[in-house]
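No hydrogens, no waters, no symmetry mates; every other heavy atom, side chains included, goes into these values. Sequence lines set the chain letters: A, B, ... in the order given, protein chains first and strands last, and positions in each chain run from 1.
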Amino acid sequence: MLGHTDTGRVMIVDLSAEGERLADQVVDAGELPAVVAARAADHRWVWGDTGAWYPALLAAGVRVGRCRDLRLAHAILRGSAAVTESSALRTAREWDAAPVDAATDAGDDRPTLFDLTERPGVPDGIDAALAELARQRAAIASAREPGRLELLVAAESAGALIAAELRAAGLPWDAAVHDRLLRDVLGDRPAGGGQPALLAAAAARVRDALGDPAVSLDSQPQLLRSLHRAGVLVRSTSRWELAEHTHPVIEPLLEYKKLARLMSANGWAWLDEWVRDGRFRPVYVPAGVVTGRWASSGGGALQLPRLLRTAVRADPGWRLVVADVAQLEPRVLAAMARDTAMAEAARGRDLYAGVVASGAVATRDEAKIAVLGALYGATTGESGRLVPRLRRTFPRAMALVDAAAATGEDGGVVSTWLGRTSPRPGTGWRETQSRASDAEASEEDESRARRRARDRGRFTRNFVVQGTAAEWALCWLAGLRRRLDAMPPVAGAAGARASGPAFARIPHVAFFLHDEIIVHSPSEHADSVAQAVADAAAEAGRLLFGDFPIDFPLDLRIAEDAGKP
DNA sequence: CATGATAGCGCG
DNA sequence: AAAGCGCGCTATCATG
């Protein structure tokens, strides 16, 4: 375990498997990388916040095999319905703090004094860490199935390591390819900072078609008024609604919106700000989403347009291993519900084709709409119409999500497969519900309460599936990382130097997005990496669902860039 | 000038 | 205009 002493030095405490304190050692922060590197590769480090400890180690070229991130574990355990003894965790409020990102502390994005006082990190003292670990051990032990929470906390902690490593290594990004793509689509970059030629041309065509030379296309109210004057009676200016009208302005306007979006979200300004030395280094935020999915902060890492994936390019002599899971969430649902009919439909690459073969619906498109509607709680439209047919064919799977929705509507909490629990409803929600059950409640009160109850039901319905899919993905990542670490470093000084001292000679995860992984690997290891990605996926399925026969097929390829072939 | 809300669109 | 979940980011516009 790592923590600080009162004088700001670093204390290393060796703990037995039962959590007993065996030996202490105190070192200066500068000595820590060497001390950590000297431990066995599979040593488990316990620390308050991976983001506060690990970036400095990585910068020194030192990696760790395993860890317990006390902050992330605390958040899981104090909220988990599986934990029957959580009062101690609930009173340890100081562990509810926001993450610290030490990687940005060193840069020019240093948090201001205001940030630091408003968002303190978790305690960094050794005594606080020891006490928190003891609380967590007790909390896990109180669960009926401690193994699930153990697995979840371990996977979450491994994810924290990987998030820090992703930032340290970065995603290989070819700025020249990106620039060429921007110039092809938008026109040359204007020197003065104005609009590139093709964007300006699209804007001119729109103004022409509107007969409104002065309208600002980036102002929604102005554009809406101008559309109305031109006879296009839309209620919003969104792509979806515009596409349903026929008018000379529609085509150029949709074109303009597409180009303007590319320019503002991922144009040259983005390239200048986010790509350095051939790497895109966003901040990943493990468990940044209530369901346990990761969030990101800065650079929009989780929204990279597919159009730009060709700019993701391996270094010379390296390859990208690009993998994503086909229809992860419905597969997870089938396994959670032990729905063998749905698992049968999921056998093989295309779950939607399997749903058609089951006879539930007629076409693949219908299958997709029905399945998504089931996961999200659709009630109207084509999706709402198709969901009941799924309910007949896959009653167990549908019963699981229907029950989760009913619990949520009723104000209860639901949990993922491994035990992450949804937030309790807020005071506003509860007040709305109790007002509606009052004797003098108005019809307005009642309909508002019903609406908000259904909203919450859709959230809890999706929570169990999205959250369990996130758990599967964490296990996949962790298993892959372990396999990559077993591969020998490539010889020679050359390599992916921009990936930093810890990753210049070994295959490493370079990108992760819910159900998709990109590994940057020396060419000679690429085949083994691809095998490791597949093996880790199979292992993740077994870890969560044991022998239940559910496939998690991957789209897997080895390439020089991450663009769709 | 800063902050917050809204619209819109990108990703899964 | 999303029907139907979860996000982050940019631009605009109203408010302080």
Side-chain angles (χ1 to χ4, degrees), chain A residues 112 114 215-224 232-245 253-254 256-267 269-270 273-274 282-309 324-330 332-333 368-387 390 401 404-405 408 414 416 420 422-423 451 454-470 472-473 511-517 555 562:
Chain A
T112 64
F114 178 79
V215 63
S216 163
L217 304 183
D218 300 323
S219 164
Q220 191 262 2
Q222 277 190 51
L223 178 58
L224 194 59
V232 184
L233 301 180
V234 285
R235 292 173 53 221
S236 78
T237 65
S238 80
R239 197 153 46 77
W240 291 109
E241 192 175 359
L242 289 168
E244 299 202 335
H245 288 75
L253 181 52
L254 294 180
Y256 174 83
K257 279 171 162 277
K258 201 176 94 194
L259 300 188
R261 164 80 192 189
L262 177 63
M263 174 83 180
S264 68
N266 296 101
W270 182 90
E273 185 178 354
W274 288 102
V283 177
Y284 294 89
V285 187
V289 179
V290 280
T291 57
R293 273 188 174 184
W294 288 12
S296 71
S297 144
L302 274 42
Q303 308 131 251
L304 285 180
R306 304 216 69 106
L307 176 74
L308 284 183
R309 299 287 175 99
D324 63 87
V325 195
Q327 306 107 20
L328 175 57
E329 290 189 355
V332 160
L333 171 59
K368 190 170 180 175
I369 289 166
V371 167
L372 292 178
L375 298 179
Y376 297 157
T379 54
T380 65
E382 191 182 8
S383 192
R385 187 171 58 73
L386 290 169
V387 170
L390 238 42
V401 284
V414 296
T416 60
R420 192 187 311 263
S422 68
R451 197 168 56 243
R454 282 194 302 266
D455 289 347
R456 188 158 191 282
R458 287 193 302 276
F459 165 66
T460 51
R461 168 190 292 273
N462 187 244
F463 182 96
V464 295
V465 180
Q466 186 183 121
T468 303
W472 182 94
F511 189 66
F512 169 60
L513 178 54
H514 308 319
D515 62 0
E516 176 184 357
I517 284 176
D555 284 324

Participant: So which one's nearest nucleotide on DNA chain C is more toward 5', A:Arg293 or A:Gly300?
Facilitator: A:Arg293
Participant: Would the distance check show the side chain of A:Glu329 and the main-chain N or O of A:Val465 forming a donor-acceptor pair, the cut-off being under 3.5 Å?
Facilitator: no
Participant: Between A:Lys257 (NZ) and B:dG10 (P), how many Å, whole number?
Facilitator: 9 Å
Participant: Taking only the side-chain heavy atoms of A:Asp218 (C-beta and beyond), determine which of B:dG8, C:dG6, C:dA11 contains the nearest atom.
Facilitator: C:dA11
Participant: Check the side chains of A:Ser216 and A:Gln222 for a donor-acceptor pair under 3.5 angstrom, ignoring hydrogens and angles.
Facilitator: no
Participant: Over all strands shown, is A:Gly299 touching base, sugar-phosphate only, or nothing at heavy-atom distances under 4.0 angstrom?
Facilitator: sugar-phosphate
Participant: Is there side-chain contact between A:Leu242 and A:Lys257, with at least one heavy-atom pair below 4.5 Å?
Facilitator: yes
Participant: At under 4.0 Å between heavy atoms, what does A:Glu244 touch on the DNA or RNA strands: base, sugar-phosphate, or nothing?
Facilitator: base
Participant: Output the single nucleotide from C:dC5, C:dC13, B:dC9 whose closest atom is nearest the side chain of A:Gln222.
Facilitator: C:dC13
Participant: Among the nucleotides C:dC5, C:dG8, B:dG8, which one has an atom lying closest to any side-chain atom of A:Ser296?
Facilitator: C:dG8
Participant: Identify which nucleotide among C:dT10, C:dC9, C:dG4 has an atom closest to any side-chain atom of A:Arg261, counting heavy atoms from C-beta outward.
Facilitator: C:dC9
Participant: Of all the choices, B:dC11, C:dG6, B:dG8, which nucleotide is nearest to the side chain of A:Leu513 once you look at every atom?
Facilitator: B:dC11
Participant: Base, sugar-phosphate or nothing for A:Ser216? Non-hydrogen atoms, less than 4.0 Å.
Facilitator: nothing
Participant: Of the options B:dG10, C:dG8, C:dA11, whose atoms approach the side-chain atoms of A:Ser264 most closely?
Facilitator: C:dA11
Participant: How far, in whole Å, is C:dA2 from B:dT6 if one measures between their P atoms?
Facilitator: 15 Å
Participant: Any donor-acceptor pair under 3.5 Å joining the side chain of A:Arg239 to the base of B:dC9?
Facilitator: no
Participant: Closer to the 5' end of DNA chain C via nearest nucleotide, is it A:Gly377 or A:Glu273?
Facilitator: A:Gly377
Participant: My understanding is that a pair needs two contacts under 3.5 Å, Watson-Crick or G-U wobble. By that rule, which nucleotide pairs with C:dG4?
Facilitator: none
Participant: Check whether the side chain of A:Gln303 and the base of C:dG8 form a donor-acceptor pair under 3.5 Å.
Facilitator: yes
Participant: For A:Gln466, which contact category applies under a 4.0 Å heavy-atom criterion: base, sugar-phosphate, or nothing?
Facilitator: base
Participant: Considering residues, nucleotides and ligands other than A:Lys368, do more than 12 of their heavy atoms fall under 6.0 Å from its NZ?
Facilitator: no
